[in-house]
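To start, the structure under review is shown below, and the notes come after it.
Side-chain atoms are counted along with the backbone in the values below, which use heavy atoms only and exclude waters and symmetry mates.
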Amino acid sequence: MEGNAAPLTRHLRIHREQGHTVLEFRGEIDIAAAAEILPHLDDVTALPGARIVIDLSPVEFFDCSGLRLLYRARGRVLAHDGRLHLVCAHPMTLRVLRVTGLHRLLPPLPTLDAALRQSGTPTV
């Protein structure tokens, strides 16, 4: 599954890159999108030692439902001794992360390449 893969849902595409599972959130991440994403997120974050990147680059709208997904992913990955990195460069989404303090727990990186290079560094 290395490289491109078809979207699992309208709001999620999962693919493998350099030993990481990349969850690419897409479009508007609201309560309906979160319900579509959650079962797939739980499957991926249940694996011991998983190396995961959540990529918000294609996101156009991000509300508290998206924040809950990020908090959940972080908790589950840490509980299973994995690593989680976040990709986000959209100013409005970055603002939501800063206002809520999530940027301190899950520091956003500007690109997928930057996140993949962080594989040797511990997640927070």
Side-chain angles (χ1 to χ4, degrees):
M1 187 162 99
E2 196 79 20
N4 291 335
L8 286 175
T9 77
R10 200 173 64 153
H11 301 286
L12 178 66
R13 184 172 75 103
I14 297 178
H15 56 100
R16 297 279 300 165
E17 293 285 339
Q18 299 175 27
H20 293 76
T21 301
V22 179
L23 286 82
E24 183 182 284
F25 291 15
R26 307 170 68 83
E28 296 184 4
I29 306 303
D30 56 15
I31 194 165
E36 286 180 13
I37 292 170
L38 184 62
H40 303 288
L41 179 94
D42 281 356
D43 287 347
V44 170
T45 57
L47 302 172
R51 293 179 0 180
I52 298 172
V53 175
I54 296 179
D55 185 356
L56 302 182
S57 299
V59 169
E60 299 161 7
F61 174 81
F62 194 81
D63 72 6
C64 61
S65 302
L67 289 172
R68 281 193 292 274
L69 289 173
L70 296 180
Y71 274 110
R72 182 177 182 89
R74 181 182 178 274
R76 291 174 58 84
V77 167
L78 290 177
H80 293 99
D81 296 320
R83 295 172 191 252
L84 176 64
H85 298 287
L86 178 66
V87 175
C88 180
H90 190 281
M92 291 305 291
T93 306
L94 287 170
R95 182 169 184 244
V96 170
L97 296 172
R98 278 193 304 272
V99 166
T100 60
L102 186 56
H103 73 290
R104 287 190 299 272
L105 299 176
L106 195 55
L109 297 159
T111 66
L112 179 57
D113 285 340
L116 295 173
R117 284 193 304 269
Q118 293 291 317
S119 64
T121 62
T123 189
V124 285

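Between Pro108 and Leu94, some side-chain heavy-atom pair lies under the 4.5 Å cut-off. Put simply, the side chain of Phe25 reaches to within 4.5 Å of the side chain of Leu12, judged on heavy atoms. Residues Val53 and Leu109 fail the side-chain proximity criterion, which asks for heavy atoms closer than 4.5 Å. Residues Val59 and His90 fail the side-chain proximity criterion, which asks for heavy atoms closer than 4.5 Å.
Although no hydrogens or angles enter the test, the distance criterion places no donor-acceptor pair under 3.5 Å between the side chain of Arg74 and the main chain of Leu106.
There is no side-chain donor-acceptor pair under 3.5 Å between His85 and Arg83. Using a 3.5 Å distance cut-off with no hydrogens or angles, the side chains of Arg16 and Thr21 do pair a donor with an acceptor.
Here the straight-line distance linking atom CZ of Arg98 with atom CZ of Arg104 works out to 11.5 Å at 0.5 Å rounding. Separation of atoms CD (Glu17) and CG (Asp55) is listed at 10.0 Å; rounding is to 0.5 Å. Atoms CD and CG, on Gln18 and Asp113 in that order, are 7.0 Å from each other to the nearest 0.5 Å. Distance check, rounded to the nearest 0.5 Å: CZ of Arg51 to NE2 of His20 gives 4.0 Å. Atoms CG and CG, from Leu97 and Leu102 in turn, are 5.5 Å apart once rounded to the nearest 0.5 Å. With rounding to the nearest 0.5 angstrom, the CG atom of Asp81 is 13.0 Å from the CG atom of Leu47.
Connection of Phe61 to Ile29 is not established within any shared hydrophobic cluster, with ILVMFWY side chains joined at heavy-atom distances below 4.5 Å, either directly or through further cluster members. Under the 4.5 Å side-chain heavy-atom criterion for ILVMFWY residues, a single connected hydrophobic cluster contains both Tyr71 and Leu86.
The side chain to side chain donor-acceptor pair (under 3.5 Å) test applied to Thr111 returns no partner, not counting sequence neighbours. In this view, Glu36 and Thr9 satisfy the side chain to side chain donor-acceptor pair (under 3.5 Å) rule, not counting sequence neighbours. Residues passing the side chain to side chain contact (heavy atoms under 4.5 Å, CB included) test with Ala73, sequence neighbours excluded: Leu41, Thr45, Ile54, Leu84. Checked against side chain to side chain contact (heavy atoms under 4.5 Å, CB included), His80 has no partners two or more places apart in sequence or in another chain. Remark: Pro39 pairs with no residue by the side chain to side chain contact (heavy atoms under 4.5 Å, CB included) rule, at least two apart or across chains. With sequence neighbours left out, Ile31 forms a side chain to side chain contact (heavy atoms under 4.5 Å, CB included) with Ser65.
Scanning both residues, Val77 and Ala50, for their nearest heavy atoms gives CG1-O, 4.4 Å. Minimum heavy-atom separation, Arg26 to Arg13: NH1-NE, 4.0 Å.
Listed by first then second residue, pairs satisfying salt bridge (Lys or Arg N to Asp or Glu O under 4.0 Å) with a partner in residues 37-46 read Asp42-Arg72, Asp42-Arg76, not counting sequence neighbours.
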